[in-house]
Structures are given as structure tokens and as C-alpha cells.
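Step one of this worksheet: look at the structure below.
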Amino acid sequence: MASRLFSSYSSIFHDPTPTPLSSSSRNLKLPNFPSRPHFRTCVSSQLTPDPNSPDPVTKSSSLSKNKIWVNPKKLKAKQLLKKSSTSRFNPNPLVNVTKSLDSCQSDQEVSLILNNAFGDNVLGRDAVFILNKMVNSNTAPIVLKHFLDKINPSKGEEVILYNVTLKVFRKSGDFRGAEKLFDEMLLRGVKPDNITFSTMINCARMCSAPDKAVEWFEKMPRYGCEPDDVTCSAMVYMYARVNNADMALKLYERAKAEKWRLDTVTFSTLIRMYGMSGNYDGCLSVYEDLKVLGVKPNVAMYNTLLNAMFRAKRPQQAKIIYEEMTGNGFLPDLITYAALLRVYVAAQFKEEAFRVYKEMKEKGMEMSTVLYNILLAMCGDVGCTDEAIEIFEDMKSSGTCKPDDWTFSSLITIYSCSGKVSEAEAALNEMVKSGFEPNLFVLTSLVQCYGKAKQTDNVVKTFKQVLDKGIIPDDRFWCCLLNVMTQTPNKEFGKLIDCIEKANSKLGSVVRYLVEEKEDDGVFRKEVSELLNSIDAEVKKPFCNCLIDLCVNLNVPDRARDLLDLGLKLEIYTDIQSKSQAQWSLNLKKLSLGAALTALHAWISDLSKAFQAGEDLPPLLGINTGQGKHRYSDKGLASVLKSHLKELNAPFHEGADKSGWFLMTKVAAKSWLESRGSTESIAAMRSVDLGVPTMALHH
DNA sequence: ATAGGGTTAG
């Protein structure tokens with residue numbers, strides 16, 4: 001304590017134009033307290049008498065005394081000005097008095113310190129200053145009592161002193177103590193005001209006692225206080241924080257009706273509340289309210305909104321909000337950029353994501369490992385291998401963040417998806433060298449990598465590593481292994497089936513049915529149903545896709561149809577076929593090539609049946625393959641479909657203004673269906689080589 | 001620095 005006081009005082013000594021230690025010159029909301037121009041004189045005269053005194057306060061102030069009496073005006077002003085401009089330190093000695101009071105153990109100690117510091121001459125504003133800074137709710141009431149005795153304040157001044165003491169209880173999370181002080185306040189005949197109540201309400205909130213907060217909010221009128229902007233904000237904020245949306249909104253509506261001006265933070269918290277519950281329109285409507293009501297937004301509010309739009313998967317909306325934000329002169333911070341990156345990465349808006357990344361670099365903002373990882377994961381998802389390498393190098397040279405297991409995992413996945421064995425292996429080595437053990441993610445990627453490169457023995461080797469490490473493969477891993485099978489020459493199937501059977505008998509049995517074309521009487525369907533039902537929801541579709549691809553490759557189209565039917569029945573596939581008055585459609589998005597072709601043939605067969613049954617066709621028939629090529633597949637679904645339709649002589653043409661669509665008119669459809677009669681079209685599938693797309697391993 | 005009160009990612 002002594003040294004603190006000393007250092008504070010000596011820094012005052014260095015200040016050529018010391019501000020009055022008590023900022024009584026400020027125009028404060030304390031008109032009732034008498035002002036005193038120079039607290040300094042007071043401190044020095046009160047704290048000095050014996051230079052040899054062991055008392056730390058006295059001693060240090062005596063040290064200070066010698067210096068403080070140097071008239072700063074006699075020193076060279078310019079020289080001192082220089083010093084002071086480099087020093088941000090200009091503390092009020094009352095801060096140190098406060099600290100001493102906070103660490104007092106007894107009433108006596110409190111009295112001693114206060115008497116030493118002030119004697120009988122206490123200023124109201126100094127009392128407020130000290131209580132406002134205190135954190136110890138055990139000594140604060142003693143200090144308060146001392147001030148009440150010495151100052152003899154008016155009732156209006158008393159309520160201020162009580163309020164500021166209540167704050168100490170809020171700071172130390174002592175709601176019981178706050179209630180006790182409130183009672184004392186009443187006993188003394190001091191009338192609480194709105195500030196008293198907002199302090200009580202916030203104290204209750206911080207003590208996790210929302211019911212108490214409500215109680216105090218509701219009893220305001222009993223004391224002649226009516227709720228206002230701040231008390232209402234505090235309540236809305238509290239309800240929103242504890243996710244009581246009903247009450248938060250009820251009160252929010254009331255605030256609007258009463259024209260109470262809620263603050264930005266409360267709006268922010270309402271947006272957050274809506275975002276957490278998935279009501280994203282709610283987020284936007286609160287934002288609209290804020291604008292309409294003319295409440296000034298801040299960066300945190302925009303960030304909350306952007307993060308909600310990320311969860312909402314609404315990249316366009318996020319873009320608009322970001323533009324409004326910068327348009328209003330707010331500078332994006334790290335959290336803003338992180339939110340934007342997430343939004344764009346999730347939407348796979350790679351240009352936008354890279355632009356955010358570049359802007360961050362330009363502004364010298366520090367990327368975190370997590371942000372780098374998010375970017376790298378996106379590079380994997382959209383197939384930006386070169387960009388990924390660049391980002392990875394930048395990350396390593398940043399000096400601030402190190403690649404972690406996730407980083408390496410993404411990198412290995414990126415190489416694996418394009419079958420770059422040596423690069424993937426090099427990344428794996430670097431990962432191990434950096435002290436990370438390859439996890440299931442990495443090993444799954446390697447299986448994919450070796451599978452793509454048709455290095456079946458390495459697939460088997462990697463599989464064994466999984467088991468040796470005691471890792472239990474997940475559904476993603478099995479799906480990957482199935483995917484590898486669709487790319488593996490038949491003569492090597494045995495090796496893979498051995499692997500599968502070793503650790504997953506259900507899947508092993510299903511695969512054997514397919515490969516060995518075993519006869520069955522419904523057993524296959526039953527086993528596949530069980531298998532698909534047991535699989536993680538997000539893997540069901542790619543898993544089913546792989547099984548169908550395998551059937552197509554093995555040239556067992558009936559099994560493929562069985563699997564497609566099953567997938568439809570289990571609602572793994574939905575809305576593949578749809579009919580409206582104007583158009584019948586086949587939606588092949590998110591299907592693998594094999595599954596897409598199987599679905600196509602099923603559709604054509606359904607069309608034939610409908611046509612033969614004399615059903616009227618719609619004006620237009622369309623197939624939607626979706627826009628882009630698949631990320632790691634050489635052949636996009638659209639291009640394969642195009643050539644396949646040609647083989648079938650099906651008169652579809654690519655949609656001119658509808659990319660990703662193949663369309664056929666009613667007239668063309670009729671003549672085509674007529675000409676092909678009842679010929680089975682499935683045979684045509686044999687010639688198709690499936691460059692089966694890989695699936696995303698990361699989420 | 002002198003009475004009310006809080007926020008925004010994994």
C-alpha cells in the first residue's frame with residue numbers, strides 16, 4: 001500500500017499542471033454538496049503529522065508531502081509537459097483510500113483511515129467517489145455510516161449515498177445484504193428512487209435471482225416510483241438473458257407503448273435471444289424497431305445480428321446488414337469479420353470469404369487459429385486447393401497462431417479429396433512432427449485418398465491403423481470405405497470386404513449380398529433397412545448413395561432400384577419427383593451419379609406407365625441437376641446426365657435461362673415415349689462409368 | 001475519475 005501511495009504521489013509531482021485531486025471543478029449532478037476547490041491541501045494537511053510513523057498511509061503521504069509542496073509552476077513547464085505526456089498515470093489519492101477501506105477488517109480500522117484522510121471535513125462528492133469505487137460490501141456500510149454522521153446530508157443527498165452503497169452489494173453479488181441496507185434506508189426515512197430500484201433489480205439479476213428482480217420491479221409503485229427507461233431495460237435485459245422470451249417481449253411491447261427508450265444493449269440482447277431460439281425473423285424485426293425508434297446501434301449489436309444471420313444461414317441478409325453497418329460509419333472489428341467469415345464459409349461464398357480474409361490481412365487484424373481453420377475447411381468444401389495452401393503458409397508465417405490438429409486435418413482432407421497421395425502424406429508427417437496424433441478424421445481422409453489413388457493395400461493399412469489405435473470407426477468412416485469400394489477394381493473387393501466384416505458385421509453382410517449377388521427372400525431389404533436406420537442422420541444420404549453406386553458398378557440395377565425405393569420409404573430421399581400443373585420434375589440434386597441415374601430410370605419408367613395409362617402430360621417436363629460441378633468429381637452430374645440422355649434419345653434440352661435444368665416439352669415427350677414403347681431402359685446404364693463424387697468429411 | 005447497466009465467436 002505504501003509503495004502504491006508513494007508512486008501515485010510522485011507521479012502527481014511530475015505533472016506540471018496537476019488537476020485538482022478532487023475533481024470538484026467538474027460540473028456534476030451533485031448540486032447539493034458543497035464544493036471545495038482544493039482537495040490537495042486537505043489531503044496534505046490531514047495525512048502528514050509524523051514522518052516516522054509506521055502507519056502506511058501516514059508514512060507514504062509524508063513522503064508525498066515533501067514533493068507535493070514543491071510549486072510545480074517553478075519547474076520548467078515544457079520539460080515536465082514532455083514527461084506527463086508520456087505518462088497516462090494520474091490517479092486520485094482517494095483511490096488509495098478506497099483500496100485501504102476495502103481491505104479493512106474492522107470498524108476501528110475504517111474509522112482510523114477515514115479520520116486520517118478527512119478528519120471532520122468530508123465533502124459529499126468525495127464520499128460518493130469513495131463509496132462508488134468500493135467493492136467490499138462488509139466495510140461499505142460502515143463507511144456509509146461514517147459519512148452520514150460527518151456530512152449530515154439532506155434527504156436528497158442521503159439517497160445518493162445509499163444508492164452508491166447499494167452498488168457495492170451489487171458488485172459483490174450480495175443481494176441479501178442489499179435488501180438489508182434498503183431496509184435501513186427506509187428506517188432512516190430515506191425515500192428510494194428509480195436509481196435505487198434499478199440497482200436492486202440488477203443486483204438480483206447478477207445474483208441469479210430473476211424472481212427477486214421481478215418482485216422489486218413490481219413493488220416500485222408502492223414507494224412512489226414508476227418504471228422508466230433504465231429499470232425497464234434492466235428487466236427486459238434480464239428476461240432475455242434467462243431466455244424468458246414471453247416476459248421479455250411482453251415488457252418490450254410495454255416499453256414501446258409507454259415510449260420508454262430502451263438502450264442498445266437491451267436491443268442487442270433481444271436479438272441474441274431470438275437468434276438462440278432460431279427465430280431469425282424476430283432478430284430482424286427487433287433490428288427494424290431499433291432503426292425506427294432511432295436508437296443508435298453499435299458494433300456489438302451488429303455483430304450479434306450477423307451471428308444470428310450466420311445461424312440462420314442467410315448470407316444475403318448478412319451482407320445487407322454489414323453494408324448498413326459500414327454505411328453508418330461503424331468499423332468492423334475482429335468479431336465482425338469472424339461472423340462474416342462464418343456466414344460466407346457456411347454459404348460457400350468463396351469470393352466473399354476470401355475478400356474478408358484479405359481485408360483482415362490488410363488491416364493487420366490478427367487471424368486466430370480457429371478462423372484459419374474455418375477458412376481451410378471451406379477451401380476443402382469448395383475445392384480450393386491452391387488457396388488452401390496459400391492460407392496454410394500464411395498461417396505458419398503469421399507467428400501468432402500455430403496449426404492445430406484441425407488445421408492439419410483440413411489440409412490432409414483437401415489433398416485427399418483430389419487424390420494427392422504424396423502431399424497428403426507430407427501433411428500427415430508434418431502433423432505428427434508438430435505433436436498431433438492422426439485422429440479418425442485424418443484417417444478417414446487418408447482412406448479416401450488411397451481409395452481415390454486406387455492404392456487398396458494402403459486403404460487396408462490405414463484401416464488397420466484405425467483399429468490398432470483403438471479408434472471405433474464412425475458412420476462417416478464406413479461411408480467413406482463404401483465410397484472407396486465404388487472406385488476399387490472388383491478383383492480387390494475381397495480385401496475391403498474383409499476389413500468391413502472385421503469391424504461391422506451388419507454392413508459386411510449387406511455388402512456381401514451385393515457383391516456375391518446372393519439370392520434372398522426379403523432378407524436383404526430387412527438388413528439394409530436396419531442398417532440405414534442405425535446410421536447417423538447426416539450420413540444416411542451419402543451412405544445410401546454409395547450403396548446404390550456400388551450396385552450400379554456391380555451391374556445389379558434391380559438392387560439399385562430396391563435401395564432407392566428403400567431410401568424413399570425411409571425418407572432419406574425426399575422430393576425427388578414432383579408434379580405441378582405446369583411441370584413434372586425430377587430433382588437430382590444431392591444424389592450421387594449412380595443414385596441419380598437410378599432415379600432417372602425410375603422416373604422414365606413412371607412416365608411411361610402414366611403415358612400408357614392415358615394420363616395427360618403437363619406442358620413441360622424437367623430434370624434439375626443443380627448448378628455446379630461437384631467439387632472433386634471430374635465429371636459434374638449435369639455433363640454425365642447430358643450424355644446419358646443423348647444415349648436414350650430423350651429429347652431434353654438444357655434450360656436456357658434455367659441453368660442446371662434439362663427440359664422437354666409435352667409434344668416432344670409424347671413422341672419420344674411413343675417411340676421407345678415399353679423398352680426397358682435400364683440396360684443403358686451398364687455403359688455408364690461412375691466417377692462417383694466423394695463426400696464432405698468435415699462439418 | 002464522482003448516483004442506474006449490459007453485449008458481440010468457437
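These figures come from a predicted structure and were not determined experimentally. Lettering follows sequence order; numbering is per chain, from 1.
- Nearest heavy-atom pair, L166(A) versus F182(A), reported as atom, atom and distance to 0.1 Å: CD2-N, 4.4 Å.
- Rounded to an integer number of Å, the gap from CE of M273(A) to P of dG6(B) is 19 Å.
- One finds no side-chain N or O of K167(A) lying less than 4.0 angstrom from the OP1 or OP2 phosphate oxygen of dA3(B).
- Look at CE on M276(A): it is 13 Å from C1' on dG10(B), rounded to the nearest Å.
- Atom C1' of nucleotide dG4(B) and atom CG of N132(A) are separated by 11 Å, given to the nearest angstrom.
- With sequence neighbours excluded, the residues forming a side-chain hydrogen bond (donor to acceptor under 3.5 Å, both in side chains) with N328(A) are Y302(A), listed by chain and number.
- For dT8(B), the OP1/OP2 oxygens have a side-chain nitrogen or oxygen of R272(A) closer than 4.0 Å.
- Taking every heavy atom of residues 286-295 of chain A and every atom of DNA chain B, no pair lies under 4.0 Å.
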In residues 187-195 of chain A, what donor-acceptor pairs under 3.5 Å come from side-chain atoms, sequence neighbours left out?
from    : atom 1 : to      : atom 2 : distance (Å)
R188(A) : NE     : E158(A) : OE2    : 2.8
R188(A) : NH2    : E158(A) : OE2    : 2.9
D193(A) : OD1    : N163(A) : ND2    : 3.1
D193(A) : OD1    : I195(A) : N      : 3.1
D193(A) : OD1    : T196(A) : N      : 3.0
D193(A) : OD1    : T196(A) : OG1    : 2.8
N194(A) : ND2    : E226(A) : O      : 3.0
N194(A) : ND2    : D228(A) : OD2    : 2.9

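- For dG10(B), the base has a donor-acceptor partner in the side chain of S368(A) [N/O atoms by modelled type, under 3.5 angstrom].
- Within residues 224-245 of chain A, the residues approaching DNA chain B are D228(A), V230(A), T231(A), S233(A), Y237(A), R241(A), by heavy-atom distance under 4.0 Å.
- Put simply, CG on L262(A) is 19 Å from P on dG4(B), counting in whole angstrom units.
- Side-chain atoms of T264(A) come within 3.5 Å of backbone N or O of K296(A) as a donor-acceptor pair.
- Legend: salt bridge (Lys or Arg N to Asp or Glu O under 4.0 Å) pairs involving residues 273-293 of chain A, not counting sequence neighbours, sorted by first then second residue: K256(A)-D289(A), D281(A)-R314(A), E288(A)-K291(A), K291(A)-E324(A).
- Within residues 302-318 of chain A, the residues approached by DNA chain B to less than 4.0 Å at the level of any non-hydrogen atom are N303(A), T304(A), N307(A), in residue-number order.
- Note on D246(A) versus K250(A): no salt bridge recorded, every NZ/NE/NH1/NH2 to OD/OE distance being 4.0 Å or above.
- Residue L334(A) is in base contact, counting any heavy-atom pair closer than 4.0 Å across all strands shown.
- Listed nucleotides: dG4(B), dA3(B), dT8(B). Nearest to the side chain of D333(A): dT8(B).
- E387(A) has no carboxylate O lying under 4.0 Å from a charged side-chain N of K350(A), or vice versa, which leaves the two without a salt bridge.
- Taking a 4.0 Å limit (strictly below) on heavy-atom distances, residues 179-195 of chain A reaches DNA chain B at D193(A), N194(A), I195(A).
- Across the protein-nucleic acid pair, R170(A) atom CZ and dG6(B) atom C1' stand 10 Å apart, rounded to whole Å.
- D394(A) has a carboxylate O that lies under 4.0 Å from a charged side-chain N of K361(A), or vice versa, which qualifies the two as a salt bridge.
- Residues passing the side chain to side chain contact (heavy atoms under 4.5 Å, CB included) test with N136(A), sequence neighbours excluded: D102(A), N138(A), T139(A).
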Can I get a per-line list of side-chain donor-acceptor pairs under 3.5 Å for residues 330-339 of chain A, giving both atom names and the distance, sequence neighbours left out?
from    : atom 1 : to      : atom 2 : distance (Å)
D333(A) : OD1    : N303(A) : ND2    : 3.2
D333(A) : OD1    : I335(A) : N      : 3.1
D333(A) : OD1    : T336(A) : N      : 2.9
D333(A) : OD1    : T336(A) : OG1    : 2.8
T336(A) : OG1    : N303(A) : OD1    : 2.6
T336(A) : OG1    : D333(A) : N      : 3.0
Y337(A) : OH     : E359(A) : OE2    : 2.8
Y337(A) : OH     : K363(A) : NZ     : 2.8

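- Side-chain proximity of L371(A) to dA9(B), dA3(B), dG4(B): nearest is dA9(B).
- What separates CG of L161(A) from P of dG4(B) is a distance of 13 Å, to the nearest Å.
- Among the heavy atoms of the strands lying under 4.0 Å from T199(A) are primed sugar atoms or P, OP1, OP2 only; no base atom is included.
- Within 4.0 Å (heavy atoms only), N373(A) reaches no atom of the nucleic acid at all.
- Heavy atoms of A338(A) sit under 4.0 angstrom from at least one base atom.
- Atom CH2 of W216(A) and atom P of dG4(B) are 17 Å apart (whole Å).
- Evaluation of the ring pair (Phe, Tyr, Trp, His ring centres under 6.0 Å) rule for F267(A) yields Y252(A) as partners, not counting sequence neighbours.
- Not counting sequence neighbours, the partners of D174(A) by the side chain to side chain contact (heavy atoms under 4.5 Å, CB included) test are S137(A), F169(A), S172(A), R176(A).
- Considering only residues two or more places apart in sequence or on other chains, Y280(A) meets the ring pair (Phe, Tyr, Trp, His ring centres under 6.0 Å) condition with none of them.
- Annotation for A213(A) and M238(A): closest pair CB-SD, 3.3 Å, computed over non-hydrogen atoms.
- dA9(B) atom P lies 18 Å from atom OH of Y337(A), rounded to whole Å.
- Taking every heavy atom of both residues into account, A248(A) and A240(A) meet most closely at CB-N, 3.9 Å.
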